[in-house]
Protein chains: 2
Amino acid sequence: MPSPDTVFDAHQSLGYAIKRAQQALRLRMDRQLKELGLTAPQYNVLCSLDAEPGASNARLARRAFVTPQTMQSMLVKLERAGLIERSPDAEHGRIQRTQLTEAGQDTLTKAHRCVHETEVIARNAASPDAAEMLLRVAEALS
Amino acid sequence: MPSPDTVFDAHQSLGYAIKRAQQALRLRMDRQLKELGLTAPQYNVLCSLDAEPGASNARLARRAFVTPQTMQSMLVKLERAGLIERSPDAEHGRIQRTQLTEAGQDTLTKAHRCVHETEVIARNAASPDAAEMLLRVAEALS
DNA sequence: GTTCTATTATCAGGCAACTGATATAGTATA
DNA sequence: TATACTATATCAGTTGCCTGATAATAGAAC
């Protein structure tokens with residue numbers, strides 16, 4: 001990643017700081033997850049499926065605060081990679097139930113270890129109430 | 001934007017909080033800038049050009065912490081929209097100097113007013129040292 | 001003077017987010 | 001019962017980010 005030649009004046013805003021932190025976090029997670037063939041958003045989906053097996057596309061989208069279309073395209077990719085499997089609900093004709101495969105479960109376990117390291121680095125640099133404060137900011141902006 | 005049906009356990013991490021705050025910030029900025037035909041990243045580019053007229057593609061990319069390719073595609077769009085203009089440097093054959101047009105200057109002034117409102121909302125919900133702390137986190141993760 | 005390196009610009013392809021549109025299944029209501 | 005509404009899934013197109021690759025320019029080293 002390139003680094004700026006000088007400090008930018010208008011970059012004093014809180015909005016800029018939030019963006020920078022998220023960008024750095026995302027890049028580091030992607031680098032670490034790359035060897036598993038996973039991206040940061042894909043890791044999040046696997047986490048959700050681990051916590052709630054059989055969740056539908058719509059349910060997963062709500063959880064991740066993204067649109068159903070966005071989640072749909074991620075699920076297609078994860079299915080092609082063999083990490084999840086989808087099957088129509090027995091009662092509800094339209095719903096597609098989604099589950100981790102064994103390979104998915106495996107990959108998730110390995111990914112947890114990668115991600116934990118990044119979380120620790122971030123926590124050590126942050127104030128103790130940082131997470132709580134940021135969720136408050138997110139709520140205020142919603 | 002959808003909202004989750006329940007609270008997610010694994011969502012206690014700092015990484016998740018950073019992502020949520022950035023996502024909410026980005027969505028609000030996009031909504032406000034939409035009437036000007038601008039996105040949040042495009043607004044950032046215009047800000048940089050205002051602070052440093054005649055900057056090159058590579059220079060702008062370093063400033064925004066993105067790759068030259070990413071900046072390139074944004075500049076092409078802004079040029080098509082008539083907000084910036086590019087011309088080859090007189091001495092250095094390869095460099096394309098970029099400047100705000102009058103329309104770009106105009107749009108930027110209007111955008112500043114939109115964005116300020118969002119910044120105030122975020123600051124009111126955040127702790128006083130939030131921006132400084134987040135830049136520290138970004139640095140630690142880089 | 002040629003080669004090597006650094007910088008710059010750009011093309012092509014991929015992922016993840018969005019909006020808009022379409023189709024279907026289930027539920028509520030006039 | 002017919003109609004409308006809600007929820008779900010999925011297609012297509014756009015943006016912003018990435019990596020990889022290509023090409024041109026400027027300056028340094030031999």
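Per chain, numbering begins at 1; letters A, B, ... match sequence-line order. Quick caveat, the model's predicted, so the values are computed rather than measured.
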Problem set entry | Pairwise 5' ranking along DNA chain D for A/K34 and A/I95, keeping only the more 5' one | A/I95

For this session: For B/E139, enumerate each residue passing the side chain to side chain donor-acceptor pair (under 3.5 Å) test, keeping only those at least two apart in sequence or located in another chain.
Result: none

For this session: Spell out, yes or no, whether A/I84 and A/M74 are grouped together once hydrophobic residues are joined by side-chain heavy atoms under 4.5 Å, including indirect joins.
Result: yes

Problem set entry | Rounded interatomic separation in angstrom, taking CD from A/Q96 and P from C/dA25 | 12 Å

Problem set entry | Side-chain N,O (B/R62) to OP1/OP2 (C/dT8) below 4.0 Å | yes

Problem set entry | NZ/NE/NH1/NH2 to OD/OE distance under 4.0 Å, B/E52 and B/R63 | yes

Exercise. Looking just at side-chain N and O atoms, do A/Q96 and A/S87 make a donor-acceptor pair shorter than 3.5 Å?
Worked result: no

For this session: Indicate, with yes or no, if A/L78 and A/I95 share a hydrophobic cluster defined by side-chain heavy-atom contacts under 4.5 Å among Ile, Leu, Val, Met, Phe, Trp and Tyr.
Result: no

Between N or O atoms, less than 3.5 Å apart, protein on one side and nucleotides 11-17 of chain C on the other: list the pairs.
from   : atom 1 : to    : atom 2 : distance (Å)
C/dA16 : OP1    : A/T39 : OG1    : 2.2

Seminar exercise, completed: side-chain contact (heavy atoms from CB on, under 4.5 Å) with A/L108: of A/L49, A/D50, A/L36, only one passes, and it is A/D50

For this session: Determine the contact category for A/R97: base if any of its heavy atoms lies under 4.0 Å from a base atom, sugar-phosphate if only primed atoms, P, OP1 or OP2 are that close, otherwise nothing.
Result: nothing

Exercise. What's the CZ-P distance between B/R63 and C/dT8, to the nearest Å?
Worked result: 14 Å

Problem set entry | Gap between atoms CZ and P, on A/R59 and D/dA9 respectively (whole Å) | 12 Å

Exercise. Roughly how many Å is it from CG in B/D30 to P in D/dC17, rounded to a whole number?
Worked result: 10 Å

Seminar exercise, completed: Taken in chain and number order and not counting sequence neighbours, the residues that satisfy side chain to side chain donor-acceptor pair (under 3.5 Å) with B/H112 are B/Y43

Problem set entry | Whole-Å gap separating C1' (D/dC17) and CE (A/M29) | 16 Å

Exercise. Can you tell me how far P of D/dT10 sits from CZ of A/R80, to the nearest Å?
Worked result: 12 Å

Problem set entry | d(CD, B/E79; P, C/dT10) in whole Å | 9 Å

Problem set entry | Whole-Å distance separating the CG atom of B/L75 from the P atom of C/dA9 | 9 Å

